[in-house]
Protein chains: 2
Amino acid sequence: MSDINDMPGHLARRFQQIAVAVFLTEVEEAGYDLTPVQYAALVAIRANPAIDQATLAGLIAYDRTTITGVVDRLVQKGLVIRQSSSHDRRVRQLQITDEGKQTLRGITPAVEAAQRTMLRGLTAKEADELMRLLRKAIAAGNELSRAPLRGAATSEPSADRPAK
Amino acid sequence: MSDINDMPGHLARRFQQIAVAVFLTEVEEAGYDLTPVQYAALVAIRANPAIDQATLAGLIAYDRTTITGVVDRLVQKGLVIRQSSSHDRRVRQLQITDEGKQTLRGITPAVEAAQRTMLRGLTAKEADELMRLLRKAIAAGNELSRAPLRGAATSEPSADRPAK
DNA sequence: TACTGATCATCAGCATACTTATCAATATCG
DNA sequence: CGATATTGATAAGTATGCTGATGATCAGTA
């Protein structure tokens with residue numbers, strides 16, 4: 001265990017480092033300027049119109065304080081609109097713009113290419129297994145991070161959310 | 001692929017997020033104040049006395065500009081000494097201090113506990129497989145990141161370094 | 001209704017990461 | 001030897017990610 005390359009934490013950092021670099025490269029080559037974090041947020045906003053920032057953070061496992069800056073940049077790029085809610089004035093509701101939708105549609109091939117590239121050293125079976133193991137480890141460690149994944153907190157309680 | 005949870009990039013981010021949180025928690029409970037990045041750098045400096053910063057960066061796959069700040073903090077904590085080389089005055093040679101060695105010895109149990117905790121959802125066999133697959137994917141993608149791993153560049157060329 | 005606690009968003013501050021640019025020193029080529 | 005190229009270190013700027021604190025607001029209760 002004395003070698004750093006035997007430590008899962010170090011491997012996690014390296015893999016993430018490569019994943020981000022691949023994503024940025026593919027996306028830039030496609031003519032877009034969007035980070036992995038911004039992409040995930042934009043996808044979630046499109047799928048959940050009028051979502052508030054705290055719920056969004058839970059959906060994609062971001063820290064609440066990080067989401068502020070991410071949304072700031074999406075708003076600045078004209079991909080998202082942030083407006084106050086009339087029901088609860090603490091809340092900022094998020095909406096994707098037409099330009100945001102267009103960006104998502106155009107960027108999809110590059111994003112999918114990136115996912116393939118970062119696994120290019122593995123066979124299809126190995127890639128599936130890696131993702132299965134990552135999902136399993138993440139599920140077991142979800143509550144250990146400050147920004148755990150939270151199922152959508154709509155009016156009706158989600159059934160597949162682990163008991164808290 | 002439309003779901004973010006099917007994307008290896010997102011899983012990589014989540015796993016890394018948990019790994020860092022677990023590391024910091026375990027280390028803090030053991031009474032130490034060291035980040036994963038600082039720990040890896042300190043281990044590498046101990047194993048390579050009088051190493052320069054650029055070589056250190058290659059050994060643990062950090063960006064050259066990132067290493068400056070990391071070493072700054074290690075120096076500030078008294079764990080590392082940075083001194084100019086007499087042979088090449090561009091170079092800052094790094095040495096671990098006695099306090100640095102003592103910290104590494106004391107922190108080891110917490111670090112090992114952290115590595116186990118972040119894999120707690122997996123069986124031993126699954127953990128081994130996950131690490132094997134991560135290593136394989138990382139090896140294939142090494143050159144895709146800005147800060148690829150580089151074998152130690154000592155006077156004699158390293159044999160196990162992939163041809164560039 | 002006033003109090004209490006919880007929640008949403010944000011800010012300040014610290015620590016990675018990376019891009020680009022710059023400076024200083026060394027190496028190399030002609 | 002001198003112009004050029006390369007290299008080590010750092011700075012400036014941007015983007016995550018986290019801790020801790022604050023202000024505004026909401027919900028439930030005494």
Side-chain angles (χ1 to χ4, degrees), chain A residues 9 12-14 16-25 28 33-41 51-58 60-77 82-94 144-148 150 153, chain B residues 9 12-14 16-25 28 33-41 51-58 60-77 82-94 144-148 150 153:
Chain A
R13 191 187 68 84
R14 290 279 288 129
Q16 222 262 320
Q17 179 184 48
I18 292 168
V20 171
V22 167
F23 185 100
L24 292 175
T25 299
E28 191 197 343
D33 172 32
L34 211 62
T35 67
V37 165
Q38 291 165 14
Y39 171 78
I51 195 175
D52 66 276
Q53 294 186 182
T55 306
L56 170 64
I60 49 185
Y62 290 10
D63 189 89
R64 282 189 186 82
T65 64
T66 301
I67 208 79
T68 299
V70 175
V71 172
D72 278 350
R73 280 160 224 125
L74 289 174
V75 169
Q76 195 176 348
K77 290 175 181 176
R82 173 161 43 190
Q83 49 195 165
S84 293
S85 164
S86 50
H87 300 301
D88 185 341
R89 281 191 301 179
R90 292 170 303 182
V91 170
R92 305 302 158 99
Q93 292 178 322
L94 306 176
L144 300 178
S145 82
R146 164 165 150 167
R150 298 285 179 212
Chain B
R13 191 189 67 84
R14 287 282 290 132
Q16 222 264 320
Q17 178 184 47
I18 291 168
V20 171
V22 167
F23 185 99
L24 291 175
T25 299
E28 192 197 342
D33 173 32
L34 212 62
T35 67
V37 165
Q38 290 165 14
Y39 171 79
I51 196 175
D52 66 276
Q53 294 186 181
T55 307
L56 171 64
I60 49 186
Y62 290 10
D63 188 272
R64 281 191 185 83
T65 63
T66 301
I67 207 78
T68 300
V70 174
V71 172
D72 278 351
R73 280 160 223 125
L74 289 174
V75 169
Q76 196 176 350
K77 289 176 183 177
R82 175 161 41 190
Q83 49 194 166
S84 293
S85 164
S86 49
H87 300 301
D88 186 340
R89 281 191 298 180
R90 291 171 304 184
V91 171
R92 305 302 159 97
Q93 291 179 322
L94 305 177
L144 300 178
S145 84
R146 303 299 165 221
R150 296 286 177 212

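Each chain gets a letter, A, B and so on, in the order its sequence line appears, and its residues count up from 1.
Note that the CZ atom of Arg90(B) and the NE2 atom of His87(B) stand 13.5 Å from one another [nearest 0.5 Å]. In this structure, the separation between CG on Leu56(A) and CG on Leu94(A) is 6.0 Å, given to the nearest 0.5 Å. Separation of atoms CZ (Arg73(A)) and OG1 (Thr35(A)) is listed at 7.5 Å; rounding is to 0.5 Å. Atoms CD1 and CZ, from Ile67(A) and Arg92(A) in turn, are 15.0 Å apart once rounded to the nearest 0.5 Å.
Less than 4.0 Å separates DNA chain C from at least one heavy atom of each of the following residues of residues 60-73 of chain B: Asp63(B), Thr65(B), Thr66(B), Val70(B), Arg73(B).
Scanning both residues, Ile60(B) and Arg13(A), for their nearest heavy atoms gives O-NH2, 2.6 Å. Of all heavy-atom pairs spanning Gln53(A) and Val71(A), the tightest one is OE1-CG1, 4.0 Å.
Between Asp33(A) and Gln53(B), the one whose closest nucleotide on DNA chain D sits nearer the 5' end is Gln53(B). Remark on DNA chain C: of its neighbouring residues Pro36(B) and Val91(A), the 5'-side contact belongs to Val91(A), judged by nearest-heavy-atom nucleotide. Comparing Gln17(A) and Gln76(B), the nucleotide of DNA chain C nearest to each residue sits closer to the 5' end for Gln76(B).
Taking atom CG on Leu56(B) and atom P on dT10(D), their separation rounds to 12 Å, with Å as the unit. For the pair Gln83(B) CD and dG8(D) P, the computed distance is 18 Å after rounding to whole Å. Rounded to whole Å, atom C1' of dC18(D) lies 15 Å from atom CG of Leu144(A). Between the NZ atom of Lys77(A) and the C1' atom of dT14(D) there is a distance of 10 Å, given to the nearest Å. Straight-line distance from the CZ atom of Arg92(B) to the C1' atom of dA11(D): 14 Å, rounded to whole Å. Atom CG in Leu24(A) sits roughly 11 Å away from atom C1' in dT16(D) (whole-Å rounding).
Contacts of Val20(A) classified as side-chain contact (heavy atoms from CB on, under 4.5 Å), with partners at least two apart in sequence or in another chain: Gln16(A), Leu24(A), Pro36(A). With sequence neighbours left out, the side-chain contact (heavy atoms from CB on, under 4.5 Å) criterion links Ser145(B) to Arg14(A), Gln17(A), Ile18(A), Ala21(A), Pro148(B). In terms of the ring-ring contact (aromatic ring centres under 6.0 Å, His included) criterion, Tyr62(B) has no residue partners (sequence neighbours excluded).
Residue Asp72(B) places its CG atom among more than 12 non-hydrogen atoms of other residues, nucleotides or ligands, all under 6.0 Å distant.
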Below 3.5 Å between N/O atoms, which protein atoms pair up with nucleotides 25-27 of chain D? Just atom names and distances, please.
residue, atom, partner, partner atom, Å
dT25(D), O2, Arg90(A), NH1, 3.3
dC26(D), OP1, Arg89(A), N, 3.0

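Counted by atom type alone, Ser85(B) and Asp88(B) present zero donor-acceptor pairs between their side chains at under 3.5 Å.
Extent of DNA chain C lying under 4.0 Å from chain B heavy atoms, first and last nucleotide in 5' to 3' order, is dA15(C) to dT26(C).
Using a 4.0 Å heavy-atom criterion, one finds that Ala21(B) contacts no nucleic acid atom at all.
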